[in-house]
Amino acid sequence: MKRITDYLLMLVMLLALPSCSDEDEPEYINPEIIYGEWYITNIKGWEYDEAVPNGMYKFNETFNFNGAGIPVGDNIENAQKIIISYAGVDSESAIRYLSVTNYYWSLSNKKWIDDEEGVVKFQGDQLIDGTMKVTISKLTDTTMTTYQKNEDGETYITYTRL
């Protein structure tokens, strides 16, 4: 009986070892899932700030929207959304590019104003713009959470599709 247990343990170890890696491959995300309009519903993290005692300023802001995508409640003046769409594929490398347009809510005009537009690389689970990399850490049909870390801090942003 001990010999069978030893063989089962060895089999489990052999199957588990290949999955252990210091550098896991990025998860592949079908980019068509992220196309569309996303509203920022939470942004949290920290950034370096010499004015605070330990140099680490922590933040956690929540934003609410009605069914028509109009910001409601607190933080209306900081409400944002993005629209992600297909921008093309590099025929040689097969790297997909996405167009990302940022919008902010104008309190005076009571409408969304486009702030900036750019094209980013989309590889595996990352959006890449030059040296900046944003990882999609969670994705469902209605929720997307991104993570970014650099020398100035780290940020988690949760987006909701209405």
Side-chain angles (χ1 to χ4, degrees), residues 18-49 52 56-162:
S19 66
C20 295
S21 169
D22 289 342
E23 287 190 35
D24 291 334
E25 289 292 317
E27 181 179 329
Y28 173 78
I29 294 175
N30 181 349
E32 293 172 11
I33 294 173
I34 64 173
Y35 296 160
E37 193 168 18
W38 295 92
Y39 295 83
I40 295 178
T41 52
N42 184 264
I43 183 167
K44 66 180 175 179
W46 63 270
E47 59 187 28
Y48 287 115
D49 184 348
V52 294
M56 185 183 285
Y57 170 72
K58 293 182 180 182
F59 53 90
N60 187 354
E61 294 185 67
T62 300
F63 305 92
N64 297 303
F65 301 90
N66 66 19
I70 307 300
V72 295
D74 296 333
N75 295 331
I76 292 174
E77 68 277 1
N78 296 320
Q80 297 178 56
K81 72 175 182 176
I82 62 172
I83 295 178
I84 300 174
S85 59
Y86 175 78
V89 173
D90 182 314
S91 59
E92 290 182 25
S93 65
I95 293 174
R96 186 176 297 250
Y97 290 88
L98 305 178
S99 173
V100 179
T101 306
N102 297 309
Y103 294 83
Y104 68 92
W105 181 254
S106 171
L107 283 174
S108 59
N109 297 332
K110 306 280 190 239
K111 67 178 186 174
W112 290 105
I113 307 292
D114 60 332
D115 187 26
E116 64 180 297
E117 183 176 341
V119 175
V120 298
K121 285 185 196 178
F122 182 70
Q123 291 182 288
D125 62 353
Q126 291 190 326
L127 302 166
I128 303 166
D129 184 17
T131 60
M132 183 181 80
K133 294 181 181 180
V134 175
T135 302
I136 298 172
S137 57
K138 178 182 174 186
L139 181 63
T140 68
D141 289 340
T142 58
T143 304
M144 174 171 60
T145 302
T146 61
Y147 171 76
Q148 179 184 2
K149 183 175 183 177
N150 60 31
E151 64 276 355
D152 295 326
E154 63 185 336
T155 305
Y156 291 89
I157 301 176
T158 301
Y159 301 85
T160 300
R161 191 186 328 247
L162 302 179

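Partner Y104 forms a side chain to side chain contact (heavy atoms under 4.5 Å, CB included) with one of N78, D114, D115 and no other, that one being D115. Considering V120, L98, T101 in turn, L98 is the only one that fulfils the side chain to side chain contact (heavy atoms under 4.5 Å, CB included) rule with I84.
Between the side chains of N42 and N60, at least one donor N or O lies within less than 3.5 Å of an accepting N or O. Using a 3.5 Å distance cut-off with no hydrogens or angles, the side chains of T41 and T160 do pair a donor with an acceptor. Side-chain contact, T155 with Q148: no donor N or O sits under 3.5 Å from an acceptor N or O.
The backbone N or O of I70 lies less than 3.5 Å from a partner atom in the side chain of N66, making a donor-acceptor pair. One N or O on the side chain of T140 and one on the backbone of T142 form a donor-acceptor pair closer than 3.5 Å. No donor-acceptor pair closer than 3.5 Å links the side chain of D129 to the backbone N or O of M132. At least one donor-acceptor pair under 3.5 Å links the side chain of N150 to the backbone N or O of G153. A distance-only check finds no donor-acceptor pair linking the side chain of T146 to the backbone of I136 [under 3.5 Å]. Side-chain N or O atoms of N30 include one that pairs as donor or acceptor with a backbone N or O of E32 at under 3.5 Å.
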Audit row: F63, I76, side chain to side chain contact (heavy atoms under 4.5 Å, CB included) steps and yes/no: CA-CA 7 Å; F63 305 92; I76 292 174; over 6 Å; no
Full working for salt bridge (charged side-chain N to carboxylate O under 4.0 Å, His left out) between E37 and K81: CA-CA 7 Å; E37 193 168 18; K81 72 175 182 176; 2.3 Å; yes
Step-by-step side chain to side chain contact (heavy atoms under 4.5 Å, CB included) determination, T158 to T143: CA-CA 7 Å; T158 301; T143 304; 3.9 Å; yes
Steps toward side chain to side chain contact (heavy atoms under 4.5 Å, CB included) verdict (Y97, I95): CA-CA 7 Å; Y97 290 88; I95 293 174; 4.1 Å; yes
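More than 12 heavy-atom neighbours from other residues, nucleotides or ligands sit within 6.0 angstrom of CG on D152. By the 6.0 Å contact criterion, CZ on F59 is enclosed, its count of non-hydrogen atoms from other residues, nucleotides or ligands being greater than 12.
Remark: D141 CG to R161 CZ distance equals 7.0 Å, nearest 0.5 Å. Taking NZ from K149 and OG1 from T135, the interatomic distance works out to 12.0 Å, rounded to the nearest 0.5 Å. Interatomic distance, Y39 OH to M144 CE, rounded to the nearest 0.5 Å: 13.0 Å. Taking CD from Q126 and CD1 from I29, the interatomic distance works out to 9.5 Å, rounded to the nearest 0.5 Å. One finds the CG atom of N64 at 8.5 Å from the CG atom of N75 (value rounded to the nearest 0.5 Å). Rounded to the nearest 0.5 Å, atoms CD (Q123) and CZ (R96) are 12.0 Å apart.
The distance between the ring centers of W105 and Y103 does not fall below 6.0 angstrom.
Contact detail for F65 and Q80: the closest heavy-atom pair is CZ-O, 4.0 Å. In plain terms, the two heavy atoms of P71 and W112 that are nearest each other are CD-CZ2, 4.1 Å. Residue Y48 comes nearest to E151 through the heavy atom pair CE1-O, 2.8 Å, listed as atom of the first residue, atom of the second, then distance. Across L107 and K110, no two heavy atoms sit closer than the pair O-NZ, 3.1 Å.
Y86 and Y35 have perpendicular rings, their planes meeting at more than 60° on a 0 to 90° scale where under 30° would count as parallel. By the 30° and 60° cut-offs, the orientation of the rings of Y159 relative to W38 is perpendicular.
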